[in-house]
Amino acid sequence: MCGIIGYTGNRQARDVIISGLKRLEYRGYDSAGIVIGNGSIQLVKDKGGMANLESILPEMKGQYGIGHTRWATHGPPLKKNSHPHLDCKEEIALIHNGIIENNMALREELIQRGHKFKSDTDTEVIVHLLEELYHGNLEEAILKTVARLEGSYAIAAIHAKEKGKIVGARNISPLVVGIGKKENFLASDVPAILEYTDRMIYLLDEEIVTLLKDEVKIMDFQGKPVKRNWQKVEMNIEGAEKSGYEHFMLKEIFEQPDVIMDTFIGANLNTENGYSLNLKPDTIKIIACGTSYHAGYVGKYMFEEFAHVPTTVEIASEYRFSSITTSNPLIIGVSQSGETSDTLVALRIAKKRGLNTLGIVNIVGSTITREVDHVFYTRAGLEVGVAATKTYITQLIALLALAIKIGVAKETLGIDDARYLSNQLRKLPKHVRTILDGSEQIIQLAEEISKSKSMFFLGRNMNFPVALEGALKMKEISYIHAEGYPGGELKHGPLALVTKETPVIAIAVKDQTYEKMLGNIGEVSARGATVIGIGTEGDTELPKYADHVIYIPKVPPLFTPVLVSVVMQLLAYHVANVLGCEIDKPRHLAKSVTVE
Ligand code: AGP
């Protein structure tokens with residue numbers, strides 16, 4: 001989720017780049033940097049945001065350059081890790097958004113050939129490769145370089161000897177070209193350059209673009225020229241920051257296929273040695289708050305299924321009052337912000353008790369990551385919406401990956417099974433896209449239940465915490481009271497609240513809980529409730545019980561929480577949208593709760 005911008009034309013590049021980077025602040029940043037070319041490479045970069053960069057920026061004359069705001073995924077937010085990165089001869093400057101999957105292998109290869117690395121980033125391998133492959137033409141060097149890269153990337157580079165030229169390349173991470181009059185622009189997203197031009201060319205995967213102030217050339221990764229006309233952008237800057245979605249929350253729900261893949265890549269499960277992990281806990285205790293607690297609760301089932309490790313889950317603010325356990329659990333703190341006080345305090349207590357701690361966190365360098373013994377980063381990118389969506393989904397992926405790794409380490413999960421599960425994980429983005437494409441049905445159901453005063457979410461086993469999460473999403477953005485309950489518990493009291501006014505969302509996927517959930521649906525239907533069933537595609541039985549059925553693709557049981565949660569997110573979002581709620585900033589709530 002880094003921000004990229006490049007400019008070449010008659011203006012002072014410094015001003016265009018700085019204003020563009022400030023337009024990309026919604027993508028998040030923990031460091032920023034700029035290079036201006038004028039026969040040499042003028043580089044200024046530092047950790048911290050745009051205000052800090054501007055405060056240290058000298059006069060920089062030159063009509064072409066590149067700039068970057070970093071959202072750290074490899075290496076903490078330090079000056080040395082900020083972009084642009086330079087080659088050893090300091091003639092090439094490069095910026096990058098994405099993840100280079102094979103960066104470790106490339107780094108070793110380049111070090112053996114004498115390259116000196118200055119940063120901990122995956123990005124730096126690209127500029128050293130470029131240096132080796134450069135023989136007087138930057139786009140030719142980029143063409144040879146991308147042939148060595150695996151993973152997701154949007155890159156831009158300039159060479160001191162090629163005045164006025166910027167070369168960019170795209171694979172998975174977005175890159176857009178802005179067409180001006182005697183000037184041209186390159187950016188990771190439209191808002192960075194919309195104030196200068198509304199004529200955009202969206203690069204496709206495996207394309208390279210060469211910009212001069214009066215020429216734009218595109219070629220594919222085989223070097224074949226590509227002809228593409230510009231499109232006029234109709235939206236304003238604010239709309240562009242949301243990529244055209246009405247709210248950041250909806251944009252972030254639709255980013256989930258990509259961030260699932262980024263987190264999967266970051267978990268290294270796609271490499272042979274990816275399963276190696278030197279953690280073999282006898283028991284695990286997961287502590288977290290809110291949505292992260294729900295993710296951790298789903299994780300309990302994953303650790304017990306794949307690693308056969310007895311796992312308990314505790315609300316972080318309750319942990320301090322819990323009696324000291326006899327066993328020596330691995331303590332896993334789950335927190336997207338890495339700053340939640342309740343979780344931070346609980347982890348400190350665990351450390352005081354001499355327990356081994358691991359953090360599953362989204363923000364590199366956040367407080368929790370600096371205090372735990374091990375860190376596992378989700379790679380959701382910046383999440384602007386206060387309601388957690390993509391950060392929660394990537395927490396589930398991280399927990400799945402950890403459970404697989406610990407299962408292999410403890411030999412409770414064979415390598416073949418681990419490989420099978422990893423391959424199934426790799427298919428999840430496609431399945432999530434199927435659900436996102438089916439939003440129309442969810443929008444209609446949202447309209448139907450949006451007038452309710454209260455609703456129930458029911459699930460069993462690993463889908464019970466998913467029911468809790470569905471209820472929380474509904475509460476926090478539509479302000480409708482909602483309760484998540486284990487299906488078997490309703491008859492022990494809450495059933496008294498079920499009437500035809502209380503819709504029930506029942507998770508009845510084809511797993512071991514299916515029959516019992518059909519029974520629960522019968523229970524609440526008999527009291528007049530409208531039931532929305534969430535079921536496995538192809539199930540013809542469920543429609544006989546539920547008034548409406550939203551289907552999810554068939555996946556291994558422990559993967560259903562990911563898909564069911566996306567349905568719940570869309571339902572809550574569309575109910576809140578029908579009601580005209582302030583979805584990205586719900587009343588009384590904060591993105592990171594740093595008070596106890
Ligand atoms: C979830 O939508 C809420 N924003 C809230 O419950 C959140 O999950 C909780 O405060 C924990 O935050 P953390 O993941 O940053 O620790």
Side-chain angles (χ1 to χ4, degrees), residues 28 247-253 255-256 259 263 286-299 313-319 331-348 350 357-372 375-399 457 465-480 482-484 561 565-566 568-573 575-576 581-596:
H247 298 98
F248 277 111
M249 182 177 171
L250 191 59
K251 174 181 176 232
E252 286 149 6
I253 289 172
E255 284 174 346
Q256 291 182 130
V259 296
T263 304
I286 301 171
I287 49 179
C289 305
T291 290
S292 296
Y293 168 75
H294 299 149
Y297 204 145
V298 176
V313 203
E314 200 154 346
I315 287 174
S317 53
E318 292 297 310
Y319 179 69
I331 298 289
I332 298 180
V334 183
S335 172
Q336 65 82 18
S337 63
E339 300 297 346
T340 299
S341 296
D342 288 332
T343 309
L344 185 57
V345 165
L347 286 166
R348 285 174 178 162
T357 54
L358 180 147
I360 295 180
V361 182
N362 194 50
I363 296 185
V364 176
S366 54
T367 306
I368 287 178
T369 66
R370 294 198 303 273
E371 299 198 7
V372 290
V375 180
F376 192 114
Y377 281 116
T378 53
R379 296 168 190 275
L382 179 78
E383 187 172 67
V384 176
V386 166
T389 51
K390 62 176 183 170
T391 54
Y392 160 79
I393 288 291
T394 54
Q395 288 169 347
L396 294 181
I397 303 301
L399 286 156
F457 289 73
V466 177
L468 292 175
E469 175 56 15
L472 177 61
K473 282 284 124 359
M474 189 62 77
K475 278 184 279 215
E476 63 177 333
I477 61 169
S478 76
Y479 310 150
I480 294 175
E483 289 203 51
S565 297
V566 174
M568 302 279 195
Q569 291 167 354
L570 288 169
L571 191 63
Y573 172 83
V575 167
C581 296
E582 174 60 57
I583 291 173
D584 285 332
K585 296 189 183 70
R587 65 186 179 203
H588 319 326
L589 302 182
K591 187 60 192 168
S592 172
V593 183
T594 52
V595 292
E596 289 176 60

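One is the number of the first residue; the rest follow in order along the sequence. Whatever order the structure lists ligands and atoms in, that order sets their numbers, starting from 1.
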### Task
Kindly say whether F248 contributes a backbone atom to a donor-acceptor pair with the side chain of D584 at under 3.5 angstrom?
yes
### Task
State whether the side chain of E383 and the backbone N or O of K390 hold a donor-acceptor pair below 3.5 Å, judged by distance alone.
yes
### Task
Spell out, as yes or no, whether a donor-acceptor pair under 3.5 Å connects the side chain of K591 to the backbone of K585.
no
### Query
If only atom types and distance count, is the side chain of E339 paired as donor or acceptor with the main-chain N or O of T367 below 3.5 Å?
yes
### Message
So does L382 get a backbone contact from the side chain of N362, meaning a donor-acceptor N/O pair under 3.5 Å?
### Response
no
### Task
Could you tell me whether a side-chain N or O of T394 sits under 3.5 Å from a main-chain N or O of T391, the two making a donor and an acceptor?
yes
### Task
Taking only heavy atoms of the protein into account, state which residues are under 4.0 angstrom from an atom of ligand 1, in chain and number order.
C289, G290, T291, S292, S335, Q336, S337, T340, V386, A387, A388, L472, K473, E476, V593
